[in-house]
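Keep in mind that the numbers below use all heavy atoms, side chains included, and drop hydrogens, waters and symmetry copies. Note that the coordinates shown come from a computational prediction; the quantities given were computed from them, not determined experimentally.
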Amino acid sequence: MALPKEPEAQLSEGTFPAQEVLLQRLMQRVYKNSPFYQYKLAKAGISPDDIQCVADLAQVPFTDKAELREGYPLGQLAVPEEEVVRIHSSSGTTGKPIIVPYTKRDVEVWAEMMARSLAMAGVTPLDRVQVTPGYGLWTAGTGFQAGVERLGAMAVPTGPGNTDKQLEMMLDLGTTVLIGTSSYGLLLAEEINKRQLQQQLKLRIGVFGSERWGEKMRLRIEEILGIESFDIYGLTEIYGPGIAIDCQEHDGLHFWSDHLIFEIIDPVTGQQLPVGEQGELVITTLTKEGMPLLRYRTHDITRVRAAQCPCGSPYPLMDRVLGRTDDMIKIKGVNIYPGQLDYVLQVTPGAGSEYQIILTRQEGKDSMLVRVEGETGVAPEQLAHECHKNIKTRIGVLAEVEIVPQGTLPRSEKKSKRVLDQRDAEM
Ligand code: ZN
């Protein structure tokens with residue numbers, strides 16, 4: 001796809017030999033214990049012995065969110081009920097939520113992955129960690145808390161909301177690590193700024209996750225609070241947050257390949273793509289017991305990297321999530337994601353974060369116009385030229401660029417609203 005490829009490497013062999021053994025065990029386990037997968041595998045004509053390595057996984061049908069919903073509440077349970085110690089659930093904004101059962105070991109493995117994530121962000125047993133995500137059915141609060149405790153740091157479990165109380169705890173306890181969504185982090189940062197509390201705070205690290213579009217936001221939080229921030233990834237269907245995090249290099253997220261297989265597929269054909277290519281992330285849980293998943297489609301667009309990270313971690317890297325497969329647009333035969341444009345604007349000095357993509361077709365040819373807000377005082381011609389060049393080198397398409405004054409484009413939470421596809425109308 002659009003981004004430059006890295007040299008090929010076999011993550012499944014050599015670096016992590018245990019992965020294959022774990023995969024074989026997983027196949028036996030689901031075949032024996034999960035009625036959901038017994039049916040699915042039998043229907044696909046697969047016996048567990050057919051799947052010996054990551055390449056073999058290509059034969060296994062995907063698991064998607066709709067199937068998990070159909071199994072509500074506990075249709076994917078793969079252990080006897082007495083082994084389940086806890087459930088969490090997805091938010092269920094559309095229809096029934098997905099209920100995820102955890103065994104004692106699942107809870108431990110998740111805490112271990114979260115503790116590793118926090119350690120990678122530089123959290124130590126001397127830190128005081130304010131956990132602002134929600135507790136309860138939602139995975140985040142409980143997940144972070146367990147990781148903090150496992151690491152031996154001090155959890156300050158405030159949960160979300162009540163800004164005055166948050167700031168009081170932060171000041172009185174000398175909180176050093178803040179955990180939350182980037183939008184809540186920004187809200188707190190702006191309040192701290194307003195009240196001029198920076199000098200009295202001891203914050204040094206922020207761990208922010210669960211929102212894909214927060215890059216400029218994160219930079220602003222870092223600036224106001226004078227902290228280093230880390231991007232954490234996860235989804236309810238696979239444990240929750242803490243399955244990947246960026247390291248001090250801030251050039252991608254390490255994921256825990258001894259518990260999870262990350263495959264990248266072409267979101268349209270479903271074909272497995274080689275390491276280094278960009279596509280949809282598909283996750284297989286190697287050690288999960290309560291609700292193991294084979295090839296779960298995340299619909300998140302990213303890339304698994306072949307090269308080892310300079311930080312020295314043996315765990316492989318993935319890119320920050322660029323967008324959702326639903327937001328994909330095809331232009332001149334190239335698949336692009338609005339998230340790629342976010343990235344281009346970030347690396348183009350003088351460009352604002354707001355943009356619009358207008359797609360038209362004239363005489364059977366696609367053309368793409370990108371409207372970008374320029375920062376005040378920047379020469380529009382020069383900025384348009386820079387944007388055009390960066391879109392060409394980083395996304396691989398030629399686009400016309402129009403610079404508009406700051407604050408003139410419509411603000412929208414949904415990235416997809418920024419794309420105006422007028423091609424059908426003209427056919
Ligand atoms: Zn690293």
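Under the 3.5 Å distance criterion, with hydrogens and angles disregarded, a donor-acceptor pair is assigned to the side chains of Tyr233 and Asp300. With no hydrogens or angles considered, a side-chain donor-acceptor pair links Thr63 and Tyr37 at under 3.5 Å. Judged by distance alone, the side chains of His259 and Thr287 do bring a donor and an acceptor atom under 3.5 Å apart.
Using a 4.0 Å cut-off between charged nitrogen and carboxylate oxygen, Glu83 and Lys104 do not count as a salt-bridge pair. With respect to the salt-bridge test (charged N to carboxylate O, under 4.0 angstrom), the residues Arg150 and Glu112 qualify. Comment: Arg218 does not engage Glu222 in a salt bridge, judged by the lack of any side-chain N to carboxylate O separation of less than 4.0 angstrom. A salt bridge does not link Glu277 with Arg303: none of the charged nitrogens is closer than 4.0 Å to a carboxylate oxygen. Electrostatic pairing of Lys389 and Glu386 counts as a salt bridge here, judged by a charged N lying under 4.0 Å from a carboxylate O.
With hydrogens and angles disregarded, a donor-acceptor distance shorter than 3.5 Å links the side chain of Ser117 to the backbone of Gly242. Checking side-chain atoms of Gln166 against main-chain N and O of Thr158 turns up no donor-acceptor pair under 3.5 Å. Panel note: side chain Asp106, backbone Thr103; a donor-acceptor pair is recorded below 3.5 Å. With Arg29 contributing its side chain and Lys288 its backbone, the two residues share a donor-acceptor pair below 3.5 Å. Under a 3.5 Å cut-off, the side chain of Asp319 and the backbone N or O of Gly252 do not form any donor-acceptor pair. Although no hydrogens or angles enter the test, the distance criterion places a donor-acceptor pair under 3.5 Å between the side chain of Gln19 and the main chain of Ser257. The closest donor-acceptor contact from the side chain of Asn33 to the backbone of Val30 lies at 3.5 Å or more, if one exists at all. Judged by distance alone, the side chain of Asp172 and the main-chain N or O of Met169 form no donor-acceptor pair under 3.5 Å. The backbone N or O of Gly161 sits less than 3.5 Å from a side-chain atom of Tyr184, completing a donor-acceptor pair. In this structure, the side chain of Gln272 engages the main chain of Val54 through a donor-acceptor pair within 3.5 Å.
Note: Tyr102 and Trp110 have parallel aromatic rings, judged against thresholds of 30 and 60 degrees for the angle between ring planes. Ring orientation note: the planes of Phe255 and Phe262 are close to parallel, at an angle under 30° on the 30°/60° scale.
Each of Arg116, His254, Gln308 was checked for a side chain to side chain donor-acceptor pair (under 3.5 Å) with Tyr315, and the lone residue meeting it is Arg116. In summary, of the residues considered (Val177, Leu118, Thr176), a side-chain contact (heavy atoms from CB on, under 4.5 Å) with Ile205 occurs for Val177 alone.
Counting heavy-atom neighbours within 6.0 Å of Gln248 CD, excluding the residue itself, gives a total above 12. The environment of CD in Glu81 is sparse: at most 12 heavy-atom neighbours from other residues, nucleotides or ligands sit within 6.0 Å. The number of heavy-atom neighbours closer than 6.0 Å to NZ of Lys202, taken from other residues, nucleotides and ligands shown, is 12 or below.
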